[in-house]
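One structure is given here, and the rest of the page talks about it.
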Protein chains: 2
Amino acid sequence: MARKATQGKGNKKPLYASVYEELVERVRSGQWMPGQRIPNEFQIAAEQGVSQGTARKAVSRLAAENLLVRVQGLGTFVVEPTPEHFQFRFFSVFQANGKRIIPRSRSTKCKVGTASRIERMALDLRRNARVVRFQRLRMRGRRPFVTESICLPAETFEGLVVRSPPDTLYDLFQRDYGVLIKRIEERITATAADAKTAAKLKIAPGTPLLRIQRIAFALDDRPVELRVSFYHLHRAHFRAATE
Amino acid sequence: MARKATQGKGNKKPLYASVYEELVERVRSGQWMPGQRIPNEFQIAAEQGVSQGTARKAVSRLAAENLLVRVQGLGTFVVEPTPEHFQFRFFSVFQANGKRIIPRSRSTKCKVGTASRIERMALDLRRNARVVRFQRLRMRGRRPFVTESICLPAETFEGLVVRSPPDTLYDLFQRDYGVLIKRIEERITATAADAKTAAKLKIAPGTPLLRIQRIAFALDDRPVELRVSFYHLHRAHFRAATE
DNA sequence: CAGTGGTCTAGACCACGTG
DNA sequence: ACGTGGTCTAGACCACTGC
(Lines give C-alpha, C1' and ligand atoms only; values in the text may rest on other atoms or scores of the structure.)
Protein backbone atom coordinates (compact mmCIF):
# COMPACT_ATOMS: atom_id res chain seq x y z
CA MET A 1 0.00 0.00 0.00
CA ALA A 2 2.92 2.28 0.68
CA ARG A 3 3.19 4.57 -2.33
CA LYS A 4 6.42 6.45 -2.71
CA ALA A 5 5.79 10.14 -3.30
CA THR A 6 8.13 10.35 -6.22
CA GLN A 7 8.39 13.61 -8.13
CA GLY A 8 9.68 14.56 -11.54
CA LYS A 9 13.29 15.65 -11.59
CA GLY A 10 12.69 19.34 -12.25
CA ASN A 11 9.92 19.50 -9.66
CA LYS A 12 10.81 21.96 -6.92
CA LYS A 13 7.68 21.59 -4.85
CA PRO A 14 8.35 20.55 -1.28
CA LEU A 15 7.08 17.12 -0.34
CA TYR A 16 4.51 18.47 2.08
CA ALA A 17 2.96 20.50 -0.75
CA SER A 18 2.32 17.32 -2.73
CA VAL A 19 0.84 15.64 0.30
CA TYR A 20 -1.30 18.73 0.90
CA GLU A 21 -2.67 18.61 -2.63
CA GLU A 22 -3.44 14.92 -2.31
CA LEU A 23 -5.38 15.55 0.89
CA VAL A 24 -7.30 18.45 -0.64
CA GLU A 25 -8.27 16.23 -3.56
CA ARG A 26 -9.59 13.55 -1.22
CA VAL A 27 -11.85 16.05 0.48
CA ARG A 28 -12.89 17.77 -2.71
CA SER A 29 -13.72 14.51 -4.47
CA GLY A 30 -15.81 13.31 -1.57
CA GLN A 31 -13.53 10.37 -0.80
CA TRP A 32 -13.37 11.86 2.68
CA MET A 33 -16.81 13.14 3.56
CA PRO A 34 -17.60 16.07 5.86
CA GLY A 35 -17.57 15.03 9.50
CA GLN A 36 -15.55 11.91 8.78
CA ARG A 37 -12.34 11.13 10.63
CA ILE A 38 -9.33 10.91 8.38
CA PRO A 39 -6.42 8.48 8.87
CA ASN A 40 -3.94 9.41 11.56
CA GLU A 41 -0.68 11.14 10.79
CA PHE A 42 1.37 7.96 10.67
CA GLN A 43 -1.06 6.29 8.29
CA ILE A 44 -1.03 9.30 5.97
CA ALA A 45 2.74 9.37 6.18
CA ALA A 46 2.98 5.67 5.24
CA GLU A 47 0.49 6.00 2.38
CA GLN A 48 2.30 8.98 0.91
CA GLY A 49 5.76 7.62 1.54
CA VAL A 50 6.88 10.46 3.79
CA SER A 51 7.68 10.86 7.46
CA GLN A 52 5.11 11.75 10.11
CA GLY A 53 6.48 15.27 10.41
CA THR A 54 5.94 15.94 6.74
CA ALA A 55 2.42 14.51 6.79
CA ARG A 56 1.76 16.62 9.85
CA LYS A 57 2.84 19.76 8.05
CA ALA A 58 0.36 19.09 5.25
CA VAL A 59 -2.44 18.38 7.71
CA SER A 60 -1.57 21.52 9.66
CA ARG A 61 -1.96 23.66 6.59
CA LEU A 62 -5.37 22.16 5.88
CA ALA A 63 -6.35 22.77 9.49
CA ALA A 64 -5.15 26.38 9.30
CA GLU A 65 -7.37 26.81 6.25
CA ASN A 66 -10.35 25.51 8.21
CA LEU A 67 -10.75 22.49 5.96
CA LEU A 68 -9.81 20.00 8.67
CA VAL A 69 -10.41 20.12 12.40
CA ARG A 70 -7.97 18.54 14.83
CA VAL A 71 -9.07 17.18 18.17
CA GLN A 72 -6.29 16.07 20.43
CA GLY A 73 -6.68 12.50 21.55
CA LEU A 74 -9.50 11.89 19.09
CA GLY A 75 -8.36 12.45 15.57
CA THR A 76 -8.60 14.83 12.64
CA PHE A 77 -11.92 15.41 10.91
CA VAL A 78 -13.17 16.91 7.69
CA VAL A 79 -14.97 20.10 8.54
CA GLU A 80 -18.76 19.89 8.50
CA PRO A 81 -20.27 22.50 6.23
CA THR A 82 -23.03 23.43 8.61
CA PRO A 83 -24.82 26.72 8.13
CA GLU A 84 -23.28 27.83 11.43
CA HIS A 85 -19.79 27.12 10.20
CA PHE A 86 -20.07 29.34 7.17
CA GLN A 87 -22.41 31.91 8.67
CA PHE A 88 -20.16 32.42 11.61
CA ARG A 89 -17.17 32.75 9.41
CA PHE A 90 -18.33 34.99 6.63
CA PHE A 91 -21.33 36.97 7.84
CA SER A 92 -19.59 39.37 10.16
CA VAL A 93 -22.42 41.60 11.39
CA PHE A 94 -22.74 42.19 15.11
CA GLN A 95 -25.06 43.94 17.49
CA ALA A 96 -23.83 46.75 19.69
CA ASN A 97 -23.53 44.28 22.57
CA GLY A 98 -21.12 42.19 20.55
CA LYS A 99 -23.45 39.32 19.67
CA ARG A 100 -23.35 38.03 16.13
CA ILE A 101 -26.49 38.47 14.09
CA ILE A 102 -27.73 35.31 12.40
CA PRO A 103 -30.18 36.31 9.70
CA ARG A 104 -32.82 34.33 7.85
CA SER A 105 -33.04 34.65 4.08
CA ARG A 106 -35.66 34.82 1.33
CA SER A 107 -34.60 34.24 -2.25
CA THR A 108 -36.34 35.41 -5.37
CA LYS A 109 -35.95 35.61 -9.11
CA CYS A 110 -33.44 32.89 -9.95
CA LYS A 111 -32.47 33.29 -13.60
CA VAL A 112 -29.72 32.39 -16.01
CA GLY A 113 -28.21 35.09 -18.20
CA THR A 114 -25.06 36.25 -19.93
CA ALA A 115 -22.29 37.69 -17.75
CA SER A 116 -21.82 41.45 -17.82
CA ARG A 117 -18.41 43.01 -18.15
CA ILE A 118 -18.14 43.56 -14.41
CA GLU A 119 -19.23 40.00 -13.70
CA ARG A 120 -16.73 38.62 -16.19
CA MET A 121 -13.91 40.56 -14.59
CA ALA A 122 -14.87 39.61 -11.05
CA LEU A 123 -15.39 35.92 -11.80
CA ASP A 124 -12.65 35.60 -14.41
CA LEU A 125 -15.09 34.44 -17.11
CA ARG A 126 -14.75 34.44 -20.90
CA ARG A 127 -16.97 36.51 -23.16
CA ASN A 128 -20.58 35.33 -23.38
CA ALA A 129 -20.22 33.07 -20.37
CA ARG A 130 -23.50 32.14 -18.67
CA VAL A 131 -24.22 33.05 -15.07
CA VAL A 132 -26.95 32.28 -12.56
CA ARG A 133 -28.33 35.35 -10.83
CA PHE A 134 -30.69 35.68 -7.95
CA GLN A 135 -31.67 38.08 -5.25
CA ARG A 136 -32.10 37.64 -1.56
CA LEU A 137 -33.48 39.54 1.35
CA ARG A 138 -31.96 38.87 4.74
CA MET A 139 -34.20 39.30 7.76
CA ARG A 140 -33.35 40.26 11.31
CA GLY A 141 -36.34 38.94 13.14
CA ARG A 142 -39.24 40.21 11.04
CA ARG A 143 -37.32 43.14 9.60
CA PRO A 144 -35.45 43.08 6.31
CA PHE A 145 -32.00 44.63 6.71
CA VAL A 146 -29.85 43.34 3.85
CA THR A 147 -30.50 43.00 0.13
CA GLU A 148 -28.23 40.73 -1.85
CA SER A 149 -27.68 40.25 -5.56
CA ILE A 150 -25.75 37.07 -6.17
CA CYS A 151 -24.06 36.00 -9.37
CA LEU A 152 -22.56 32.56 -9.96
CA PRO A 153 -20.87 31.01 -13.00
CA ALA A 154 -23.47 28.68 -14.53
CA GLU A 155 -20.80 26.25 -15.68
CA THR A 156 -19.59 25.62 -12.14
CA PHE A 157 -23.04 25.42 -10.61
CA GLU A 158 -24.97 23.55 -13.27
CA GLY A 159 -28.61 22.96 -12.45
CA LEU A 160 -28.66 25.39 -9.55
CA VAL A 161 -31.18 27.56 -11.33
CA VAL A 162 -33.95 24.96 -11.20
CA ARG A 163 -33.71 24.61 -7.43
CA SER A 164 -34.72 27.25 -5.00
CA PRO A 165 -31.48 28.35 -3.33
CA PRO A 166 -31.46 27.62 0.39
CA ASP A 167 -30.83 29.92 3.31
CA THR A 168 -27.14 29.28 3.20
CA LEU A 169 -25.27 28.83 -0.03
CA TYR A 170 -21.78 27.75 0.86
CA ASP A 171 -22.69 24.45 2.45
CA LEU A 172 -24.69 23.65 -0.70
CA PHE A 173 -21.63 24.55 -2.78
CA GLN A 174 -19.55 22.05 -0.83
CA ARG A 175 -22.08 19.23 -0.64
CA ASP A 176 -23.45 19.29 -4.16
CA TYR A 177 -20.72 20.88 -6.25
CA GLY A 178 -17.48 20.07 -4.42
CA VAL A 179 -16.71 23.79 -4.20
CA LEU A 180 -15.34 24.79 -0.81
CA ILE A 181 -15.13 28.49 -0.10
CA LYS A 182 -11.75 29.28 1.45
CA ARG A 183 -11.78 33.04 1.63
CA ILE A 184 -13.73 36.11 0.62
CA GLU A 185 -12.75 39.64 -0.34
CA GLU A 186 -15.08 42.53 0.27
CA ARG A 187 -15.14 46.08 -1.02
CA ILE A 188 -17.06 48.42 1.20
CA THR A 189 -18.49 51.86 0.57
CA ALA A 190 -21.27 54.01 1.96
CA THR A 191 -24.17 54.96 -0.25
CA ALA A 192 -27.66 56.43 -0.10
CA ALA A 193 -30.56 54.01 -0.55
CA ASP A 194 -32.20 54.30 -3.96
CA ALA A 195 -35.98 54.01 -4.27
CA LYS A 196 -35.98 50.31 -5.11
CA THR A 197 -33.63 49.24 -2.34
CA ALA A 198 -35.41 51.50 0.16
CA ALA A 199 -38.71 49.83 -0.69
CA LYS A 200 -37.25 46.38 -0.17
CA LEU A 201 -35.74 47.36 3.16
CA LYS A 202 -38.80 49.40 4.16
CA ILE A 203 -36.77 52.53 4.87
CA ALA A 204 -36.74 56.07 3.55
CA PRO A 205 -34.94 56.63 0.24
CA GLY A 206 -31.60 58.31 0.88
CA THR A 207 -30.92 56.44 4.11
CA PRO A 208 -27.15 55.74 4.34
CA LEU A 209 -26.36 52.09 3.64
CA LEU A 210 -23.25 49.97 3.54
CA ARG A 211 -22.64 48.64 0.06
CA ILE A 212 -20.54 45.50 0.18
CA GLN A 213 -19.28 43.78 -2.92
CA ARG A 214 -18.02 40.31 -2.12
CA ILE A 215 -16.00 37.94 -4.22
CA ALA A 216 -15.73 34.41 -2.82
CA PHE A 217 -12.76 32.22 -3.68
CA ALA A 218 -12.68 28.42 -3.74
CA LEU A 219 -9.86 26.25 -2.40
CA ASP A 220 -7.99 26.56 -5.69
CA ASP A 221 -8.37 30.36 -5.54
CA ARG A 222 -10.84 30.54 -8.37
CA PRO A 223 -13.46 33.29 -7.86
CA VAL A 224 -16.82 31.48 -7.81
CA GLU A 225 -19.27 34.05 -6.50
CA LEU A 226 -19.95 37.75 -6.92
CA ARG A 227 -22.34 39.27 -4.44
CA VAL A 228 -23.43 42.87 -4.01
CA SER A 229 -25.23 43.63 -0.77
CA PHE A 230 -26.77 46.68 0.83
CA TYR A 231 -26.80 46.69 4.63
CA HIS A 232 -29.10 48.78 6.76
CA LEU A 233 -27.43 48.58 10.16
CA HIS A 234 -29.42 49.85 13.09
CA ARG A 235 -27.58 49.38 16.38
CA ALA A 236 -25.29 46.99 14.59
CA HIS A 237 -22.02 47.07 12.68
CA PHE A 238 -19.91 45.21 10.19
CA ARG A 239 -16.69 43.88 11.67
CA ALA A 240 -13.28 43.57 10.05
CA ALA A 241 -9.99 42.46 11.55
CA THR A 242 -6.47 42.86 10.22
CA GLU A 243 -3.69 40.75 11.64
CA MET B 1 26.53 31.03 27.30
CA ALA B 2 24.24 28.07 26.77
CA ARG B 3 21.29 28.60 29.07
CA LYS B 4 19.09 25.60 29.63
CA ALA B 5 15.42 26.51 29.11
CA THR B 6 14.29 24.97 32.35
CA GLN B 7 10.72 25.37 33.46
CA GLY B 8 8.84 24.99 36.70
CA LYS B 9 7.41 21.56 37.27
CA GLY B 10 3.77 22.50 36.87
CA ASN B 11 4.50 24.54 33.77
CA LYS B 12 2.67 23.11 30.80
CA LYS B 13 3.81 25.64 28.23
CA PRO B 14 5.55 24.09 25.26
CA LEU B 15 9.21 24.91 24.92
CA TYR B 16 8.73 26.89 21.73
CA ALA B 17 6.30 29.18 23.57
CA SER B 18 9.01 30.11 26.07
CA VAL B 19 11.48 30.72 23.27
CA TYR B 20 8.84 32.82 21.48
CA GLU B 21 8.33 34.99 24.54
CA GLU B 22 12.05 35.46 24.96
CA LEU B 23 12.37 36.60 21.35
CA VAL B 24 9.42 38.97 21.69
CA GLU B 25 11.04 40.49 24.74
CA ARG B 26 14.31 41.06 22.90
CA VAL B 27 12.51 42.97 20.19
CA ARG B 28 10.24 44.84 22.55
CA SER B 29 13.11 45.89 24.81
CA GLY B 30 15.15 47.15 21.90
CA GLN B 31 17.93 44.61 22.39
CA TRP B 32 17.22 43.68 18.79
CA MET B 33 16.56 46.86 16.88
CA PRO B 34 14.36 47.26 13.81
CA GLY B 35 16.17 46.30 10.64
CA GLN B 36 18.81 44.33 12.51
CA ARG B 37 19.60 40.74 11.65
CA ILE B 38 18.98 38.34 14.50
CA PRO B 39 21.13 35.28 15.27
CA ASN B 40 20.53 32.28 13.06
CA GLU B 41 18.33 29.41 14.10
CA PHE B 42 21.15 27.28 15.44
CA GLN B 43 22.51 30.11 17.56
CA ILE B 44 19.08 30.80 19.02
CA ALA B 45 18.64 27.10 19.64
CA ALA B 46 21.97 26.91 21.47
CA GLU B 47 21.29 30.03 23.55
CA GLN B 48 17.89 28.79 24.60
CA GLY B 49 18.96 25.23 25.12
CA VAL B 50 16.60 23.73 22.54
CA SER B 51 16.93 22.10 19.16
CA GLN B 52 16.94 24.00 15.89
CA GLY B 53 13.45 22.77 15.06
CA THR B 54 12.06 24.24 18.25
CA ALA B 55 13.84 27.56 17.76
CA ARG B 56 12.54 27.57 14.21
CA LYS B 57 8.98 27.14 15.38
CA ALA B 58 9.27 30.17 17.65
CA VAL B 59 10.82 32.27 14.90
CA SER B 60 8.12 31.11 12.48
CA ARG B 61 5.43 32.37 14.77
CA LEU B 62 7.09 35.77 15.06
CA ALA B 63 7.41 35.87 11.28
CA ALA B 64 3.74 34.95 10.85
CA GLU B 65 2.90 37.86 13.13
CA ASN B 66 4.91 40.21 10.94
CA LEU B 67 7.39 40.96 13.68
CA LEU B 68 10.30 39.26 11.93
CA VAL B 69 11.07 38.93 8.26
CA ARG B 70 12.87 35.90 6.89
CA VAL B 71 15.06 36.08 3.82
CA GLN B 72 16.33 32.78 2.58
CA GLY B 73 20.08 32.68 2.26
CA LEU B 74 20.43 35.96 4.12
CA GLY B 75 18.96 35.72 7.58
CA THR B 76 16.04 36.81 9.72
CA PHE B 77 15.46 40.48 10.46
CA VAL B 78 13.44 42.56 12.87
CA VAL B 79 10.73 44.29 10.89
CA GLU B 80 11.38 47.95 10.11
CA PRO B 81 8.51 50.14 11.25
CA THR B 82 8.50 52.25 8.12
CA PRO B 83 5.42 54.27 7.36
CA GLU B 84 4.90 52.02 4.33
CA HIS B 85 4.90 48.91 6.47
CA PHE B 86 2.11 50.08 8.70
CA GLN B 87 0.24 52.11 6.13
CA PHE B 88 0.17 49.24 3.72
CA ARG B 89 -1.00 46.89 6.37
CA PHE B 90 -3.67 48.84 8.18
CA PHE B 91 -4.95 51.54 5.87
CA SER B 92 -6.95 49.41 3.47
CA VAL B 93 -8.50 51.95 1.14
CA PHE B 94 -8.18 51.40 -2.58
CA GLN B 95 -9.07 53.11 -5.78
CA ALA B 96 -11.45 51.52 -8.26
CA ASN B 97 -8.46 50.38 -10.31
CA GLY B 98 -7.14 48.41 -7.35
CA LYS B 99 -4.31 50.75 -6.34
CA ARG B 100 -3.86 51.47 -2.67
CA ILE B 101 -4.41 55.04 -1.56
CA ILE B 102 -1.60 56.50 0.52
CA PRO B 103 -2.92 59.59 2.27
CA ARG B 104 -1.13 62.51 3.88
CA SER B 105 -2.25 63.66 7.29
CA ARG B 106 -2.75 66.88 9.24
CA SER B 107 -3.09 66.74 13.00
CA THR B 108 -4.77 69.25 15.23
CA LYS B 109 -5.84 69.82 18.79
CA CYS B 110 -3.69 67.46 20.84
CA LYS B 111 -5.02 67.43 24.40
CA VAL B 112 -5.01 65.33 27.54
CA GLY B 113 -8.28 64.54 29.28
CA THR B 114 -10.16 62.00 31.36
CA ALA B 115 -11.36 58.87 29.57
CA SER B 116 -15.06 58.63 28.81
CA ARG B 117 -17.03 55.48 29.52
CA ILE B 118 -16.73 54.33 25.91
CA GLU B 119 -13.01 55.02 25.87
CA ARG B 120 -12.52 53.16 29.13
CA MET B 121 -14.35 50.13 27.79
CA ALA B 122 -12.52 50.15 24.47
CA LEU B 123 -9.06 50.63 25.98
CA ASP B 124 -9.65 48.62 29.13
CA LEU B 125 -8.89 51.57 31.43
CA ARG B 126 -9.77 52.19 35.05
CA ARG B 127 -12.04 55.00 36.14
CA ASN B 128 -10.55 58.51 35.85
CA ALA B 129 -7.72 57.27 33.64
CA ARG B 130 -6.07 59.96 31.53
CA VAL B 131 -6.04 59.83 27.76
CA VAL B 132 -4.43 61.79 24.94
CA ARG B 133 -6.84 62.86 22.24
CA PHE B 134 -6.24 64.44 18.90
CA GLN B 135 -7.84 64.85 15.54
CA ARG B 136 -6.53 64.32 12.07
CA LEU B 137 -7.56 65.05 8.56
CA ARG B 138 -6.33 62.71 5.87
CA MET B 139 -5.82 64.11 2.41
CA ARG B 140 -6.03 62.45 -0.97
CA GLY B 141 -3.98 64.81 -3.03
CA ARG B 142 -5.38 68.21 -2.04
CA ARG B 143 -8.76 66.88 -0.97
CA PRO B 144 -9.64 65.88 2.56
CA PHE B 145 -11.43 62.55 2.57
CA VAL B 146 -11.07 61.11 6.11
CA THR B 147 -11.53 62.64 9.54
CA GLU B 148 -10.03 60.81 12.49
CA SER B 149 -10.47 61.18 16.24
CA ILE B 150 -7.73 59.30 18.02
CA CYS B 151 -7.61 58.40 21.68
CA LEU B 152 -4.58 56.91 23.45
CA PRO B 153 -3.97 55.97 27.07
CA ALA B 154 -1.76 58.72 28.51
CA GLU B 155 0.02 56.29 30.78
CA THR B 156 1.30 54.21 27.89
CA PHE B 157 2.22 57.18 25.72
CA GLU B 158 3.64 59.60 28.22
CA GLY B 159 4.77 62.89 26.76
CA LEU B 160 3.14 62.34 23.41
CA VAL B 161 0.90 65.34 23.99
CA VAL B 162 3.76 67.83 23.84
CA ARG B 163 4.94 66.63 20.45
CA SER B 164 3.04 67.15 17.26
CA PRO B 165 1.99 63.66 16.19
CA PRO B 166 3.54 62.68 12.86
CA ASP B 167 1.89 61.48 9.68
CA THR B 168 2.06 57.90 10.79
CA LEU B 169 1.58 56.87 14.38
CA TYR B 170 2.41 53.21 14.62
CA ASP B 171 6.07 53.52 13.72
CA LEU B 172 6.37 56.19 16.43
CA PHE B 173 4.70 53.81 18.88
CA GLN B 174 7.32 51.17 18.14
CA ARG B 175 10.38 53.42 18.05
CA ASP B 176 9.65 55.62 21.03
CA TYR B 177 7.35 53.59 23.25
CA GLY B 178 8.18 49.96 22.45
CA VAL B 179 4.56 49.35 21.52
CA LEU B 180 4.21 47.24 18.40
CA ILE B 181 0.74 47.06 16.87
CA LYS B 182 -0.03 43.47 15.98
CA ARG B 183 -3.65 43.64 14.87
CA ILE B 184 -6.61 45.95 14.61
CA GLU B 185 -10.34 45.43 14.87
CA GLU B 186 -12.74 47.67 13.04
CA ARG B 187 -16.46 48.25 13.37
CA ILE B 188 -18.01 49.68 10.25
CA THR B 189 -21.32 51.40 9.67
CA ALA B 190 -22.78 53.85 7.19
CA THR B 191 -23.89 57.27 8.37
CA ALA B 192 -24.89 60.67 7.05
CA ALA B 193 -22.33 63.47 7.42
CA ASP B 194 -23.21 65.92 10.17
CA ALA B 195 -22.58 69.63 9.69
CA LYS B 196 -19.20 69.66 11.40
CA THR B 197 -17.79 66.65 9.60
CA ALA B 198 -19.22 67.86 6.29
CA ALA B 199 -17.41 71.17 6.73
CA LYS B 200 -14.11 69.44 7.43
CA LEU B 201 -14.47 67.20 4.40
CA LYS B 202 -15.88 70.01 2.26
CA ILE B 203 -18.95 68.04 1.28
CA ALA B 204 -22.70 68.52 1.63
CA PRO B 205 -24.18 67.64 5.02
CA GLY B 206 -26.06 64.35 4.75
CA THR B 207 -23.57 62.76 2.36
CA PRO B 208 -23.25 59.04 3.17
CA LEU B 209 -19.97 58.26 4.92
CA LEU B 210 -18.28 55.17 6.25
CA ARG B 211 -17.88 55.37 10.00
CA ILE B 212 -15.04 53.14 11.14
CA GLN B 213 -14.21 52.60 14.78
CA ARG B 214 -10.82 51.00 15.17
CA ILE B 215 -9.22 49.45 18.18
CA ALA B 216 -5.52 48.64 17.82
CA PHE B 217 -3.92 45.87 19.86
CA ALA B 218 -0.28 45.59 20.87
CA LEU B 219 1.82 42.42 20.79
CA ASP B 220 0.55 41.46 24.24
CA ASP B 221 -3.05 41.98 23.06
CA ARG B 222 -3.57 45.11 25.13
CA PRO B 223 -5.82 47.65 23.37
CA VAL B 224 -3.70 50.79 22.98
CA GLU B 225 -5.62 52.98 20.56
CA LEU B 226 -9.22 53.93 19.90
CA ARG B 227 -9.86 55.70 16.62
CA VAL B 228 -13.12 56.85 15.09
CA SER B 229 -12.93 57.82 11.43
CA PHE B 230 -15.34 59.07 8.81
CA TYR B 231 -14.48 58.17 5.23
CA HIS B 232 -15.77 59.96 2.19
CA LEU B 233 -14.97 57.48 -0.57
CA HIS B 234 -15.32 58.75 -4.10
CA ARG B 235 -14.34 56.12 -6.65
CA ALA B 236 -12.67 54.23 -3.85
CA HIS B 237 -13.53 51.55 -1.35
CA PHE B 238 -12.55 50.02 1.94
CA ARG B 239 -11.28 46.48 1.61
CA ALA B 240 -11.73 43.57 3.98
CA ALA B 241 -10.68 39.94 3.60
CA THR B 242 -11.76 36.90 5.57
CA GLU B 243 -9.74 33.73 5.39
C1' DC C 1 -5.59 0.86 28.76
C1' DA C 2 -4.71 1.95 23.62
C1' DG C 3 -4.88 5.44 20.16
C1' DT C 4 -4.66 10.10 18.82
C1' DG C 5 -2.64 14.64 18.11
C1' DG C 6 1.26 17.76 20.11
C1' DT C 7 6.03 18.47 21.14
C1' DC C 8 10.94 17.78 20.75
C1' DT C 9 15.42 16.07 19.21
C1' DA C 10 19.71 15.34 16.39
C1' DG C 11 21.10 15.13 12.31
C1' DA C 12 20.90 15.46 7.19
C1' DC C 13 20.43 17.62 2.79
C1' DC C 14 18.56 21.32 -0.38
C1' DA C 15 17.86 26.22 -2.30
C1' DC C 16 19.19 30.66 -2.19
C1' DG C 17 21.94 35.07 -1.76
C1' DT C 18 26.46 37.05 -0.87
C1' DG C 19 31.25 37.56 -1.37
C1' DA D 1 32.61 28.51 -1.23
C1' DC D 2 30.04 29.75 2.58
C1' DG D 3 26.25 30.79 5.65
C1' DT D 4 21.53 31.33 5.73
C1' DG D 5 16.72 29.75 5.90
C1' DG D 6 13.75 25.62 4.16
C1' DT D 7 12.77 20.78 4.06
C1' DC D 8 12.83 16.10 5.70
C1' DT D 9 13.70 12.02 8.55
C1' DA D 10 13.29 8.51 12.34
C1' DG D 11 12.43 8.10 16.57
C1' DA D 12 11.02 9.55 21.29
C1' DC D 13 7.97 11.15 24.84
C1' DC D 14 3.88 13.88 26.52
C1' DA D 15 -1.26 15.16 26.94
C1' DC D 16 -5.66 14.16 25.99
C1' DT D 17 -9.81 11.15 24.85
C1' DG D 18 -12.64 7.23 25.13
C1' DC D 19 -13.18 2.50 26.36
Side-chain angles (χ1 to χ4, degrees), chain A residues 2-23 26-27 32 35-79, chain B residues 2-23 26-27 32 35-79:
Chain A
R3 185 180 66 77
K4 187 65 182 172
T6 48
Q7 295 183 4
K9 228 183 175 182
N11 200 333
K12 287 168 190 168
K13 265 189 308 190
L15 266 181
Y16 67 79
S18 305
V19 177
Y20 166 84
E21 284 166 14
E22 172 65 21
L23 301 188
R26 291 196 187 173
V27 174
W32 289 344
Q36 185 183 327
R37 191 176 75 189
I38 73 171
N40 71 42
E41 292 174 353
F42 286 94
Q43 290 169 324
I44 292 173
E47 280 172 20
Q48 303 288 317
V50 299
S51 74
Q52 176 256 2
T54 302
R56 179 175 178 75
K57 192 154 182 174
V59 172
S60 295
R61 185 165 158 195
L62 272 287
E65 292 179 336
N66 296 301
L67 187 59
L68 298 178
V69 178
R70 300 178 122 137
V71 185
Q72 178 166 144
L74 251 181
T76 301
F77 302 81
V78 180
V79 72
Chain B
R3 184 180 67 79
K4 185 67 183 172
T6 47
Q7 296 184 2
K9 228 184 175 183
N11 201 332
K12 286 168 192 170
K13 265 188 309 187
L15 267 180
Y16 67 79
S18 306
V19 177
Y20 167 83
E21 284 164 14
E22 173 65 22
L23 300 189
R26 292 200 186 170
V27 174
W32 290 344
Q36 185 182 329
R37 191 175 76 188
I38 72 170
N40 70 42
E41 294 175 352
F42 287 93
Q43 290 169 324
I44 293 173
E47 280 173 19
Q48 303 289 318
V50 300
S51 73
Q52 176 256 1
T54 302
R56 179 172 178 76
K57 191 155 183 174
V59 173
S60 295
R61 187 166 157 192
L62 273 285
E65 291 177 338
N66 296 301
L67 187 59
L68 298 178
V69 178
R70 301 180 121 136
V71 184
Q72 179 165 145
L74 249 181
T76 300
F77 302 80
V78 180
V79 72

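Residue numbers start from 1 in every chain, and the chains themselves are labelled A, B, ... in the order their sequence lines are given, proteins ahead of strands. No hydrogens, no waters, no symmetry mates; every other heavy atom, side chains included, goes into these values.
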- Query: Which nucleotide sits closest to the side chain of A:Arg37: D:dT7, C:dT4, C:dG6?
  - Reply: C:dT4
- With B:Leu23, the side chain to side chain contact (heavy atoms under 4.5 Å, CB included) member among B:Leu67, B:Ile44, B:Val78: B:Ile44
- Query: Does a nitrogen or oxygen in the side chain of B:Lys57 sit under 4.0 Å from OP1 or OP2 of C:dT7?
  - Reply: yes
- Item | Distance in angstrom units between A:Glu41 CD and C:dG6 P, rounded | 7 Å
- C:dG5 C1' sits how many Å from A:Arg56 CZ, rounded? 6 Å
- Query: Quick one: do A:Glu21 and A:Arg61 make a salt bridge, cutoff under 4.0 Å?
  - Reply: no
- Protein-nucleotide distance (B:Gln72, atom CD; D:dC2, atom C1'), rounded to Å: 14 Å
- Query: Taking only N and O in the side chain of A:Tyr16, is any of them less than 4.0 Å away from OP1 or OP2 of D:dC8?
  - Reply: no
- Query: With a 4.0 Å cut-off on heavy atoms, is A:Val71 in touch with a base, just the backbone sugar-phosphate, or nothing at all?
  - Reply: sugar-phosphate
- Task: Write down the distance between CZ (B:Phe42) and P (C:dA12), rounded to a whole number of angstrom.
- Result: 11 Å
- Is there a donor-acceptor contact under 3.5 Å linking the side chains of A:Tyr20 and A:Glu65? yes
- Counting only N and O atoms by type, is there a donor-acceptor contact under 3.5 Å from the side chain of B:Gln43 to the main-chain atoms of B:Asn40? yes
- Message: With nearest nucleotide decided by heavy atoms, which residue, B:Gln52 or B:Gly73, maps closer to the 5′ end of DNA chain D?
- Response: B:Gly73
- Query: Below 4.0 angstrom from OP1 or OP2 of D:dC8, is there any side-chain N or O of A:Thr54?
  - Reply: no
- Message: Measure CG/A:Leu15 against P/C:dA15 and give the value in whole Å, please.
- Response: 12 Å
- Query: Among C:dT4, C:dC8, D:dG5, which nucleotide sits nearest the side chain of B:Thr76?
  - Reply: D:dG5
- Query: When the distance from CG of B:Leu74 to C1' of C:dC16 is rounded to whole Å, what number comes out?
  - Reply: 9 Å
- Message: Which nucleotide wins on minimum distance to the side chain of B:Ser51, given the candidates C:dA10, D:dG6, C:dG5?
- Response: C:dA10
- Task: Could you state the atom-to-atom distance from CD1 of A:Ile44 to P of C:dT4 in whole Å?
- Result: 11 Å
- Round to a whole Å and report the spacing from CZ of A:Arg70 to P of C:dT7. 9 Å
- Message: Less than 3.5 Å apart, any donor N or O on the side chain of B:Arg56 or B:Ser51 sitting next to an acceptor on the other?
- Response: no
